[in-house]
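Presented below is the structure to which this report refers.
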Amino acid sequence: MDIRQNWTKTEVLSLFELPFNQLMFRAQTAHRQHFDPSEVQASTLMSIKTGACPEDCKYCPQSVRYDTGLEREALVALDDVLAAAEAARQGGATRFCMGAAWRQPKDRDLDAVIAMVQGVRDLGMETCLTLGMLSRGQAERLKDAGLDYYNHNLDTSPEHYPEIISTRTYDDRLDTLRNVREAGMKVCCGGIVGMGETRADRAGLLLELANLPEQPQSVPINNLVQVPGTPLDGTAPLDPLEFVRTIAVARVMMPASVVRLSAGRTEMSDELQALCFLAGANSLFYGDKLLTTGNPEAERDRALLERLGLRMSTASVSGPVSPA
Ligand code: SAM
Ligand code: DTB
Ligand code: SF4
């Protein structure tokens, strides 16, 4: 297998520095060794508990510390979750991802969330949760309930991290990822770019992800959605071609992982998204909303995929396939 988990920062930076066409070729080559390059996996997100989060993540509209005008909502009722999941399934999504603005779930919260996981599974969809930190016991409860994926992002490089979040450490995040992994669930773990970080920080994030004891099965790359009221609103936007490079380097370093073109697509042209797919992205969030902010309308995404000759996978993305 060509999966390496001993990358050095120098190597990662040299990937970023490749001439654009060379980098795209490397990414395409890696992509085709593990996946059908015409297939894209679609996940739909739902916020099951919104706002009033005690953490201070500077990008996030849901932190209680920033006045973003967001209305807080208690845990959503099971029937509403299942109705949204069924609509997502009918629209073509294969995975339903439920997010809660918690630092860490309370054990009694998990009872309600587990009923949601079981209900969504019964619809025939893959399930994903993102609830904040998890203890080993909580991870095991979710695994036993049949949860497929747990999303917990590293967000940025260890060096840049203290600029972004002070209420939980990088090591806290690594602990949660270990708990999820050791409980036997699939890990969805990525980060955010466009937060004023340097290229070395983007390289540092990808280095951490690729060198984890097991590479995450799913790697969401988010472009910061700037929300008025959050400290990062007004940050100078990232050069779009640097965003494409970040996707391509992620693809080269984590060739067997599904790389998701995640938040920030509303602000992207079709052409930029096409470059991201060319760079090896093979998943997206599908549906008019992310958690609290907008996402391209499903109709626009269907049209984009059709224009590009890409198809949504009907199960989890298949791979590996022989090069086309
Ligand atoms: N509270 C849980 C946590 O932080 O782990 C789960 C929900 S949290 C909203 C999930 C992820 O969304 C964050 O880790 C972050 O990477 C991403 N996110 C939040 N706000 C964002 C924004 N404005 N732009 C891009 N990504 C964002
Ligand atoms: C991830 O990496 N991106 C998603 C999902 N995992 C949970 C969340 C994006 C949130 C964007 C801001 C919002 O809509 O609140
Ligand atoms: Fe809370 Fe998650 Fe937002 Fe951080 S990213 S403030 S933990 S909801």
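Just so you know, ligand 1 is whichever comes first in the structure, and atom 1 is the first atom listed for that ligand. Position 1 is the first residue of the sequence, and the numbers go up from there.
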Can you tell if the side chain of Tyr286 reaches within under 4.5 Å of the side chain of Arg302, non-hydrogen atoms only?
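Yes, side chains in contact.
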
Is there a side-chain contact between Pro255 and His31, using heavy atoms and a 4.5 Å cut-off?
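Sidechains of His31 and Pro255: no contact.
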
Is there a side chain to side chain donor-acceptor pair (under 3.5 Å) between Arg4 and Asn211 once you walk through the steps?
CA-CA 8 Å; Arg4 282 186 48 200; Asn211 287 349; over 6 Å; no

Roughly how far, to the nearest 0.5 Å, is the [atom2] atom of [Y] from the [atom1] atom of [X]?
| X | Y | atom1 | atom2 | value |
| --- | --- | --- | --- | --- |
| Cys189 | Leu205 | SG | CG | 8.0 Å |
| Met185 | Asn151 | CE | CG | 12.0 Å |
| Tyr150 | Gln217 | OH | CD | 15.5 Å |
| Ser166 | Arg65 | OG | CZ | 6.0 Å |
| Asp201 | Leu206 | CG | CG | 11.0 Å |

One residue to check: Glu55. Relative to ligand 1, which of side chain, backbone, both or neither has a non-hydrogen atom less than 4.0 Å away?
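Looking at Glu55 and ligand 1, no heavy atom falls under 4.0 Å.
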
Of the backbone atoms (N, CA, C, O) and the side-chain heavy atoms from C-beta on, which set of Ala100 has a member under 4.0 Å from an atom of ligand 1: side chain, backbone, both, or neither?
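For Ala100, the contact with ligand 1 is made by the backbone alone.
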
For [X] and ligand 1, does the shortest N/O to N/O distance drop below 3.5 Å?
| X | answer |
| --- | --- |
| Leu131 | no |
| Trp102 | yes |
| Cys60 | no |

Take [atom] and look for protein heavy atoms under 4.0 Å from it; say yes if you find one, no if not.
| atom | answer |
| --- | --- |
| atom 1 (N) of ligand 1 | yes |
| atom 1 (Fe) of ligand 3 | yes |
| atom 20 (N) of ligand 1 | yes |

Charged N to carboxylate O below 4.0 Å: is that the case for Glu297 and Arg300?
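No.
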
For the pair Asp175 and Arg178, find out whether any cationic side-chain nitrogen is under 4.0 Å from an anionic carboxylate oxygen.
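Looking at Arg178 together with Asp175, the answer is yes, because their closest N to O distance falls below 4.0 Å.
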
State whether Phe285 and Arg265 meet the cation-pi test: NZ (Lys) or CZ (Arg) under 6.0 Å from the six-membered ring centroid, and within 45° of the perpendicular axis.
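Here Arg265 fails the 6.0 Å and 45° test against Phe285.
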
Tyr149 ring centre to Arg95 NZ or CZ under 6.0 Å, with the angle to the axis within 45°?
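Yes; both conditions hold, so Arg95 lies above the ring face of Tyr149.
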
Between Glu55 and Gln62, is a side chain to side chain donor-acceptor pair (under 3.5 Å) present by the stated rule, with each step listed?
CA-CA 9 Å; Glu55 305 279 308; Gln62 304 202 65; over 6 Å; no

Should the heavy atoms of other residues, nucleotides or ligands under 6.0 Å from [atom1] of [X] be counted, would the total exceed 12?
| X | atom1 | result |
| --- | --- | --- |
| Asp67 | CG | no |
| Phe25 | CZ | no |
| Glu306 | CD | no |

Structural part of [X] in contact with ligand 2, heavy atom criterion under 4.0 angstrom:
| X | answer |
| --- | --- |
| Pro220 | side chain |
| Thr130 | side chain |
| Thr292 | both |

Per-atom contacts of ligand 2 with [X], taking only distances under 4.0 Å to non-hydrogen atoms:
| X | value |
| --- | --- |
| Leu45 | 4 (C), 5 (C), 7 (C) |
| Asn151 | 6 (N), 7 (C) |
| Asn222 | 1 (C), 2 (O), 3 (N) |

Give a yes/no verdict on whether any heavy atom in Phe285 is under 4.0 Å from an atom of ligand 2.
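It does; at least one heavy atom falls under 4.0 Å.
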
Shortest heavy-atom approach to [atom] - which of [options]:
| atom | options | answer |
| --- | --- | --- |
| atom 10 (C) of ligand 2 | Leu291, Thr68, Asn153, Val225 | Leu291 |
| atom 4 (O) of ligand 1 | Met133, Arg168, Gln62 | Arg168 |
| atom 6 (C) of ligand 1 | Thr176, Thr130, Asp233 | Thr130 |

Could you tell me, atom by atom, which parts of ligand 1 come under 4.0 Å of a heavy atom of Ala263?
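Listed by number with element: 25 (C).
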
What do the steps show when you test Lys49 against Arg72 for side-chain contact (heavy atoms from CB on, under 4.5 Å), and what is the final call?
CA-CA 8 Å; Lys49 185 269 167 185; Arg72 54 178 74 176; over 6 Å; no

Among all protein heavy atoms, pick out the one at the shortest distance from [atom]; state its residue, atom name and that distance to 0.1 Å.
| atom | value |
| --- | --- |
| atom 9 (C) of ligand 1 | Leu291 CD1, 3.5 Å |
| atom 12 (C) of ligand 2 | Thr293 OG1, 3.6 Å |
| atom 14 (O) of ligand 1 | Asp155 OD1, 3.3 Å |
| atom 24 (N) of ligand 1 | Val225 N, 3.0 Å |
| atom 13 (C) of ligand 1 | Tyr59 OH, 3.8 Å |
| atom 11 (C) of ligand 1 | Asn153 ND2, 3.9 Å |
| atom 26 (N) of ligand 1 | Ile192 CD1, 3.6 Å |

Could you walk me through whether Asn179 and Met133 pass the side-chain contact (heavy atoms from CB on, under 4.5 Å) test, one step at a time?
CA-CA 9 Å; Asn179 291 337; Met133 299 193 285; over 6 Å; no

Do you know which two heavy atoms are closest between Thr44 and Ala93, and how far apart they sit?
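Nearest heavy atoms, Thr44 then Ala93: OG1-CB, 3.3 Å.
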
Apply side chain to side chain donor-acceptor pair (under 3.5 Å) to the pair Arg26 and Gln22, showing each step before the final yes or no.
CA-CA 6 Å; Arg26 288 278 302 267; Gln22 300 270 68; over 6 Å; no

Examine ligand 3 and decide if any of its atoms is less than 4.0 Å from a heavy atom belonging to Arg103.
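No heavy atom of Arg103 comes that close to ligand 3.
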
Proximal ligand 3 atoms for Arg168, defined as those under 4.0 Å from one of its heavy atoms
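Within the 4.0 Å cut-off of Arg168, ligand 3 contributes 7 (S).
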
Atoms of protein origin (N, O or S) under 2.8 Å from atom 3 (Fe) of ligand 3
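Sorted hits: Cys60 SG.
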
Give a yes/no verdict on whether any heavy atom in Gly132 is under 4.0 Å from an atom of ligand 1.
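Yes, that is the case, since the closest heavy atom of the residue is under 4.0 Å from the ligand.
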
